[in-house]
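Okay, so here's the structure we're looking at.
Quick note on labels: first sequence line is chain A, next is B, and so on, each numbered from 1.
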Amino acid sequence: MPDRSQRRITILDVAREAGVSKSTVSLVLRGSSLVNAETRDRVEAAAERIGYVYNRGAAALRSATSSFVALVIPDLVNPFFAQLAVAVEEALSARGFVPLLANTNDSPNRQRDLMRSMREHGAAGVMISPAQGTPPEDLAGLGLPIVTMMRRPASAPDPALPYVGPDNADGARRIAAHLHGLGHRRLAFLGGTTGMSTQHERLSGLRAGLAAAGLDPDRAVTVHDALPSRSGGHAAALEVLAAAREGDRPTAFVGYNDIVAFGAGGALRAQGLRIGRDIALTGFDNVAETAHHAPPLTTVDVRIDDLGRAAAAALLARIGGEAVPPETILPTRLVVRESCGAPGAGATEPVRPS
DNA sequence: TAGTTGGCAGCAATGGGGTG
DNA sequence: CACCCCATTGCTGCCAACTA
């Protein structure tokens with residue numbers, strides 16, 4: 001037996017309260033110009049008085065549309081994706097859409113379950129940064145408008161699978177040029193070769209930048225596997241330090257992203273190295289935390305807000321049936337802070353033994 | 001003719017009644 | 001008893017028709 005006291009207040013209640021038909025209430029709620037101003041005021045006052053809340057579920061049922069957009073993120077603990085989610089949410093809400101946020105923990109299986117759940121909830125479209133190892137058919141066969149962000153789907157550019165991301169290669173080239181300009185000739189790239197497009201593009205850009213500076217990339221940069229996390233960066237940096245021969249240690253550590261650099265920074269400090277003096281450290285993304293790192297981190301600004309806005313705009317265009325370019329690549333810029341000095345800048349001062 | 005209204009459609013779950 | 005079919009429920013949006 002349903003509890004009548006808990007019954008939802010509907011437009012029929014508003015209509016009764018205002019002394020009009022439910023059709024008129026519906027017109028008022030949707031901002032129709034057909035309604036007399038005095039009637040509109042009466043309906044709005046009645047709705048306010050009895051505590052009416054618009055039922056989007058019923059509206060979606062009637063109109064066969066949805067205002068929910070699935071926002072599927074691989075790692076919400078990474079502040080980059082948290083900032084991206086905020087930017088996307090702002091862009092969506094400005095157009096009357098609400099994100100349904102899902103975290104995949106970088107698992108394609110979990111991602112598959114979440115995508116099914118999003119469809120069950122009637123999402124109008126999907127914005128996704130795919131989990132590592134996502135089979136292309138998981139995205140292509142979804143049957144919903146979709147936009148990929150940051151990580152390319154593992155296929156050639158496809159108008160049905162638009163991609164929005166930063167110019168990773170160009171950003172990494174800027175890092176290479178900056179470090180080379182400071183005198184660094186031995187770099188360690190902490191980001192490995194997991195097959196993620198972002199890592200591949202950033203490493204390629206780094207190598208291209210070193211080559212453009214006249215160095216042999218195969219000698220100037222070593223590549224080390226690192227999970228895209230603080231602990232991944234920490235472990236990778238420790239391994240590099242442990243494996244380096246006397247006098248052979250890289251003078252600059254290049255994090256695949258900012259949180260890898262944060263993790264590496266912790267490892268370097270624990271070994272008694274002074275970041276910015278004994279050793280250089282860079283990140284990528286320019287999350288808010290980089291400015292407050294000790295010392296503040298040199299990184300590449302990927303314009304997270306612009307990425308979120310561009311991705312949201314692309315998806316809403318797709319939902320509206322408009323064509324969008326298969327790729328939207330946003331420019332990056334280098335942000336120089338205190339985490340990089342010339343190699344050996346602090347050599348005259350003793351290094352605390354580890 | 002501007003403003004308002006009643007009837008019905010839309011989807012999926014649920015429950016009741018009929019059949020083998 | 002299992003199964004199937006159909007009516008009902010929930011709430012809003014659309015549209016033709018009505019009224020002043």
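Annotation: side-chain hydrogen bond (donor to acceptor under 3.5 Å, both in side chains) contacts of A/R151 (sequence neighbours excluded): A/D106.
Listed for the A/S26 side chain is no donor-acceptor partner under 3.5 Å among the backbone atoms of A/K22.
In this structure, the CZ atom of A/R16 is 18 Å from the C1' atom of B/dT4, given to the nearest Å. If you measure from atom CD of A/E38 to atom C1' of B/dT4, you get 13 Å, rounded to the nearest angstrom. Rounding to whole angstrom units, CG of residue A/L12 and C1' of C/dC11 are separated by 8 Å. Summarising the geometry, the separation between CZ on A/R42 and C1' on B/dT4 is reported as 11 Å, rounded to the nearest angstrom. In this entry the distance linking OH of A/Y54 with P of C/dC11 reads 14 Å, nearest Å. Across the protein-nucleic acid pair, A/D13 atom CG and C/dT12 atom P stand 9 Å apart, rounded to whole Å.
For the side-chain contact (heavy atoms from CB on, under 4.5 Å) criterion with A/P295, the lone passing option out of A/R337, A/R274, A/R277, A/E338 is A/E338. Checked options A/N286, A/N257, A/D258; the residue passing with A/T299 is A/D258 (criterion: side-chain hydrogen bond (donor to acceptor under 3.5 Å, both in side chains)). Among A/I279, A/L187, A/V240, the one residue that satisfies the side-chain contact (heavy atoms from CB on, under 4.5 Å) test with A/P250 is A/V240.
Contacts with DNA chain B (heavy atom under 4.0 Å) in residues 18-28 of chain A: A/V20, A/S21, A/K22, A/S23, A/T24, A/L27, listed by number.
For the pair A/A236 and A/D225, the tightest heavy-atom approach, listed with the atom from each and the gap, is CB-O, 3.6 Å.
Atom CG of A/D305 is separated from atom CD of A/E90 by 7.0 Å, given to the nearest 0.5 angstrom.
With the end axes of the helix from B/dT1-C/dA20 to B/dG20-C/dC1 each set by five pairs, the angle from one to the other reads 50° at 10° resolution.
For C/dC11, the OP1/OP2 oxygens have no side-chain nitrogen or oxygen of A/Y52 closer than 4.0 Å.
In this structure the side chain of A/N109 never reaches within 4.5 angstrom of the side chain of A/D113, judged on heavy atoms.
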